[in-house]
Every structure is written in structure tokens, then in C-alpha cells.
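Chain letters run A, B, ... following the sequence lines, proteins first, then strands; residues in each count from 1.
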Amino acid sequence: MKTPRKQTHAEIAADIVAAIDASDLKAFGRKLRAWYRKNARDLPWRKTRDPYHILVSELMLQQTQVSRVIDYYDRFLTRFPTLRHVAKAPVGLVLEQWEGLGYYARARNLHKLARTVAPAHAPDGTLPSDPTLLRELPGIGAYTAGAIATFAYEKRAPLVDTNVSRVLLRVFAPEHSPKTAVGQRLAWALAEATLPERGGMAAWEHNQALMELGALVCGARVALCERCPQRGHCEFLARELRIGATSE
DNA sequence: AAAGCGGGGAT
DNA sequence: ATCCCAGCTTT
């Protein structure tokens, strides 16, 4: 009997996802998107597919609440209408527009990115649409690469942020925490597995909806399970109630 | 795997 | 007082 090799995190995640009924994955997505169409907020970056605008919004939104970004987003795009305008400006002017937002490395990275990309790519300073290529740019990690691919180009790309990992793990693997390495791998595997078959509007909407559900219903502090489209199909509420019941 | 990066808002 | 937020980079 061979001593079984310890499974990698990715293998553990793959096994868990493989054990989930495919029809459950599909049903999750259908309900999620139907809910989104009725409940989505009207956010400025949801009205555009301009890759540069999406880029600015995603960079600003890194570890920063939506409500605090909106004004900065509008002001920044007025001051720098295209990626070329960013590339042309000295870093100081870009940082000036960022003043008060925090995490100023984001602004420096945006400036560096602009000077890298604008000459190399299309006339308007267009960004690549492939997450792997996007990942190579300064300030763009796994999440932001997926976000640009799907929100600007409507590609069928998974993305996982704090909202998405919380929602997906609560629904499909409530025993796993987003804070662990396995939890993160699992969240990405679930994000991939729940994506609609086709790209285009469905993929765009699906990813927006995942984040919107995490922001409006499936919160970190409070879960408004009675308003959730997955109510009845999610183990999270039952699990919390069980724990609550035993501890009181 | 863990620390560092900002600061406002919610609990 | 603590946790959380459309995370990424460096150690």
C-alpha cells in the first residue's frame, strides 16, 4: 500500500467541485442572474465597456468601498479621458487625482501601466483582453485581470473577490473559509464551474451578479437570507442557525 | 505563507 | 475596539 501523496490545494478544490451536481451549478447561475436583473444598483462603470474606464474603476475599487469610489471615478475620467492622457501626464498629476483614496501604489501602477501599454498596443491605448496577459501589467492581479476580461470584453472569465468567494463558499462549501488557501482555490474553481457556457452578456451579467449578491444580500457581517435568490438551496442559513441554537 | 499598504464606515 | 472593503506586491 502506497502512502498516498498529499493532495495539493488545487486537487482538493477540484474534487469538491466534481462532487457537486451539475444541475445545481446551473440552477445557481440562472437564479443569480434573474435576481440581478431586478435588484442591481445603477453604478457608473456598469454603463460602459470601455476597457480604460473599467480599468480605472477596478483599480479604485481594490479594497475600497463602492460609495467612496464613485466621485473619484467621474473626476478622474474627466481629468484623464483616455489612457493616453494618463501616459502623457507626470505621475504627480495622477497622484493628485488619487489624493484621499489611499493605496497610492495603485495610482503609480496605473501611470506605469499607461506608459507601458499605450505605445505597445492599439492607437487608443487599448488593453489586452486575455487575463493571462492582463496579469503581467503592474497593479493587475488575478481578480482585476478577470474583471477587465469580463466587464470590458464580455469574455467568459472567472473572477473572485471578497464578495464572490463569500457567496460561492457559503452556497457550495460552507465548511470552508475564504481566509484559507484551500478556500481561495475552491472559490476560483467554483467561479469557473458556475460560469454560463457562453461568454457575452451572460458572462458579464453573471460576474456582476455574484459581486452584487455579496454586496447587497450575502454580507460579511449580515446575511439577509430571506431576500436571497438561493434561499432554500443554500446550506449557510441552516448551518448558522444550528450553531446559533447550540450556543444559546 | 505572511506582512504591508490608507482610510472610511459598520457593528 | 475591531472587522471589512470590486487586492496586489514583496518578503
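Judged by distance alone, with hydrogens and angles left aside, A:Tyr103 brings a side-chain donor or acceptor within reach of the base of B:dG6, the pair sitting under 3.5 Å. At a cut-off of 3.5 angstrom, the base of C:dG7 holds no donor-acceptor pair with the side chain of A:Thr162.
Picking from C:dC4, B:dG6, B:dA1 the nucleotide with the shortest atom distance to the side chain of A:Tyr104 gives B:dG6. Comparing B:dA1, B:dG6, C:dG7 by their closest approach to the side chain of A:Tyr143 singles out C:dG7.
At least one side-chain nitrogen or oxygen of A:Thr144 sits closer than 4.0 Å to the OP1 or OP2 atom of C:dC8. Note on A:Arg106: every side-chain N or O is 4.0 Å or more away from OP1 and OP2 of B:dC5. Look at A:Gln63 and you won't find any side-chain N or O under 4.0 angstrom from OP1 or OP2 of C:dC5.
In terms of position on DNA chain B, the residue among A:Val222 and A:Leu101 whose nearest nucleotide sits closer to the 5' end is A:Leu101. With DNA chain C read from its 5' end, the first of the two nearest nucleotides for A:Pro138 and A:Leu43 is the one closest to A:Leu43.
Spacing between atom CD1 of A:Ile148 and atom P of C:dG7 amounts to 14 Å, rounded to whole angstrom units. The CZ atom of A:Arg135 sits 6 Å away from the P atom of C:dT9 (whole-angstrom rounding). Protein atom CZ of A:Arg221 is 4 Å distant from nucleotide atom C1' of C:dC3, rounded to whole Å. Atom-to-atom, CD of A:Glu136 to P of C:dT9 comes out at 12 Å; the value is rounded to the nearest Å. For the pair A:Met211 CE and C:dA6 C1', the interatomic distance rounds to 5 Å; values are reported in whole Å. Remark: C1' of B:dG7 and CD of A:Glu99 are 12 Å apart, rounded to the nearest angstrom. Taking atom NZ on A:Lys179 and atom P on C:dG7, their separation rounds to 15 Å, with Å as the unit. Taking atom CG on A:Asn109 and atom C1' on C:dG7, their separation rounds to 12 Å, with Å as the unit.
In plain terms, the two heavy atoms of A:Arg170 and A:Cys218 that are nearest each other are NH1-SG, 3.2 Å. Shortest non-hydrogen contact noted between A:Leu195 and A:Ala157 is CD2-C, 3.6 Å.
Looking at heavy-atom distances under 4.0 Å, A:Ala142 makes contact with sugar-phosphate atoms alone, never a base. Using a 4.0 Å heavy-atom cutoff across all strands shown, A:Arg108 reaches no nucleic acid atom at all. At a threshold of 4.0 angstrom between heavy atoms, the contacts of A:Ile140 are confined to the sugar-phosphate backbone, with no base atom among them. Among the protein residues, A:Ala220 comes within range of the sugar-phosphate backbone only, with heavy atoms under 4.0 Å from sugar or phosphate atoms but none that close to a base.
Between the P atoms of B:dA3 and C:dC3, the separation comes to 14 Å (whole Å). To the nearest whole angstrom, the two P atoms, one in C:dC8 and one in B:dG8, are 23 Å apart.
Side chains of A:Gln208 and A:Arg46: a donor-acceptor N/O pair is present below 3.5 angstrom, by distance only. No hydrogens or angles considered: nothing links the side chains of A:Asn109 and A:Arg106 as a donor-acceptor pair under 3.5 Å.
Taken from OG1 in A:Thr150 to CG in A:Asn207, the straight-line distance is 4.0 Å, to the nearest 0.5 Å.
Ion pairing between a basic and an acidic side chain is recognised when a charged N comes within 4.0 Å of a carboxylate O; A:Arg231 and A:Glu226 show no such pairing.
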